[in-house]
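Numbers here are sequence positions counted from 1.
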Amino acid sequence: YASMIFVITAVTLSLPLGAVMDRYGVRRILVPSLCAFGAVLGSMYFFTPHVPHLYGAYFLLGVAAAATLPNSYTRVVVGWFDKNRGQALAIAATGTALGMVVLPPLFTAILQSYHWQGLYAAAAGFVLLIALPAVAGLLRENPVVESGAATEGAIFGGLRVAAKTQVFWGMTAAFTLLGFGTVGLVPHIVPMLQDMNVDRMTAAYALSVYGVAAVVGRLTCGFFLDRFSTPAVAIAVTLNPLFASVLLVFYPSEGMGLVAAALIGIGAGAELDLMPFMISRYLGFRSFSQIYAVLFAGFYVAAAIGTAALGFWFDKHGNYFVGLVCTACACAAALLMFARAKRYPHASTKPAPCAA
């Protein structure tokens, strides 16, 4: 329940904070948020054996973390890069993917040597001694873009304009379906392989395959977004988790399970390049953080629902067949939405006309 409180709090507060970042810039919000995030993590060293203390701490952690979600740093990247925007977003997002590969074994070693108190202290140190100085010392926003965005009317005006367009709702629906059909599968990769009688070590290895594939997916997606039609790249990204679900349904084996883990990783990694890129190209920069927060919330809420639904169907039927059929259908529906999209106009700072 504590992690659920954290996620719900952070995602919910990211919506109004997106409006504030669109108005006043990212750096003014992100620096104090990182200070608070590190302080709350450090305070967890002093946890007491009381459940309300745990829930309260994770609620405060969610409040502090709300400004650190991808709609903050991607806004800065979008403001600086136009021609090579896809590659810039990919490189920026790769840092989080590499962190997921490097930090778990490091934190596991800290946990074994210094127990959970040392783990929270180390996490606070990473935030306050590495992330905070990097952001405070290096993060700079494009002054030309920022001044133009700040003078464009009311704080919520851009989001209201975007919400009247078909392209906004099409993108929201497509990425929500992708969250269900891709990220919803991730926690079930190991159980699915074990259900295929794959040994535990090989099943655990599939997570490493997933992590490496996620990095590859992010880098290659950014490269292709700068060079090919955006709808075509979106279709190619969506085909990965779709094929993964099909393989797991019709060819349940150790080899196909590892291939499916790689395809899920490519899709999950690429989607977080694709989302900010499409928002900036189709809906412009003015309300970027707000719009990204809306799509990001839909994406991860759907992912949580997908994870829970796959577990429910497995408990009910004793296998993943129904769940995998549903994830395949969700990906197929998202693919059809991307297939109907038109190429964005070259004037990317203005909202695109209504388009499917």
Side-chain angles (χ1 to χ4, degrees), residues 1-44 52-79 89 92-93 95-97 99-100 103 120 123-128 130-136 139 141 146 149-150 155-156 158-159 162-163 172 175-176 179 183 271-272 275-276 279-280 283 285-305 307:
Y1 290 110
S3 60
M4 182 177 67
I5 291 171
F6 166 75
V7 171
I8 291 174
T9 303
V11 170
T12 302
L13 289 179
S14 71
L15 302 177
L17 277 175
V20 178
M21 286 187 282
D22 285 329
R23 180 77 176 201
Y24 298 106
V26 172
R27 192 173 184 275
R28 294 180 183 179
I29 310 302
L30 188 54
V31 170
S33 293
L34 285 172
C35 291
F37 188 59
V40 175
L41 278 173
S43 73
M44 291 180 173
H53 186 187
L54 175 69
Y55 290 168
Y58 270 83
F59 170 76
L60 292 176
L61 195 66
V63 172
T68 67
L69 298 181
N71 61 320
S72 58
Y73 68 82
T74 51
R75 188 182 193 278
V76 178
V77 174
V78 166
L89 286 168
T96 59
M100 291 175 64
L103 290 180
Y120 281 118
F126 273 102
V127 173
L128 296 175
I130 298 177
L132 178 60
V135 170
L139 185 69
E141 297 170 75
E146 289 300 318
I155 188 169
F156 292 104
L159 180 58
T172 301
F175 282 109
T176 299
V183 182
E271 284 161 9
L272 294 182
M275 190 187 299
I279 292 170
S280 67
L283 296 170
F285 185 78
R286 179 183 170 193
S287 297
F288 176 87
S289 292
Q290 299 172 71
I291 295 170
Y292 193 178
V294 172
L295 268 67
F296 188 81
F299 182 81
Y300 270 97
V301 168
I305 293 172
T307 299

_Value rounded to 0.5 Å, distance of CG in Leu60 from CG in Leu41_ = 11.5 Å
*How long is the gap from CZ on Arg23 to OG on Ser287, to the nearest 0.5 Å?*
11.0 Å
*Could you tell me whether a side-chain N or O of Glu141 sits under 3.5 Å from a main-chain N or O of Arg27, the two making a donor and an acceptor?*
yes
*Please name the residue in the list Leu132, Val26, Leu139 that meets the side-chain contact (heavy atoms from CB on, under 4.5 Å) test with Val31.*
Leu132
_Minimum heavy-atom separation for Cys35 and Leu128, please, with both atom names._
O-CD2, 3.9 Å
_How long is the straight-line distance from CG of Leu15 back to OG of Ser289, given to the nearest 0.5 Å?_
11.5 Å
*asked:* So Leu272 and Phe299, do their side chains get closer than 4.5 Å, heavy atoms only?
replied: yes
_For Tyr300, all residues meeting ring pair (Phe, Tyr, Trp, His ring centres under 6.0 Å), sequence neighbours excluded_ = Phe296
*Measure across Ala293 and Ser14 and return the closest heavy-atom pair with its distance rounded to 0.1 Å.*
CB-O, 3.5 Å
*So how far is it from Thr74 OG1 to Ile279 CD1, rounded to the nearest 0.5 Å?*
7.5 Å
_Euclidean distance, Ile29 CD1 relative to Asp22 CG, rounded to 0.5 Å_ = 10.5 Å
*So which heavy atom on Gly38 is nearest to which on Ala124, and how close?*
O-CB, 3.4 Å
*Shortest non-hydrogen contact from Thr172 to Thr176?*
O-OG1, 2.7 Å
_Working note: Met44 + Leu61, criterion side-chain contact (heavy atoms from CB on, under 4.5 Å); need CA distance, chi angles, decisive distance, verdict._
CA-CA 10 Å; Met44 291 180 173; Leu61 195 66; 3.7 Å; yes
_I need the Leu54 CG to Ile5 CD1 distance, nearest 0.5 Å._
7.5 Å
*Locate the shortest heavy-atom distance separating Gln290 from Gly18; write the atom from each residue and the value.*
CG-C, 3.6 Å
_Pairing residues for Phe288 by the ring pair (Phe, Tyr, Trp, His ring centres under 6.0 Å) criterion, not counting sequence neighbours_ = Tyr292
_Looking at every heavy atom in both Val183 and Thr307, which two are closest together, and how far apart are they?_
O-OG1, 4.2 Å
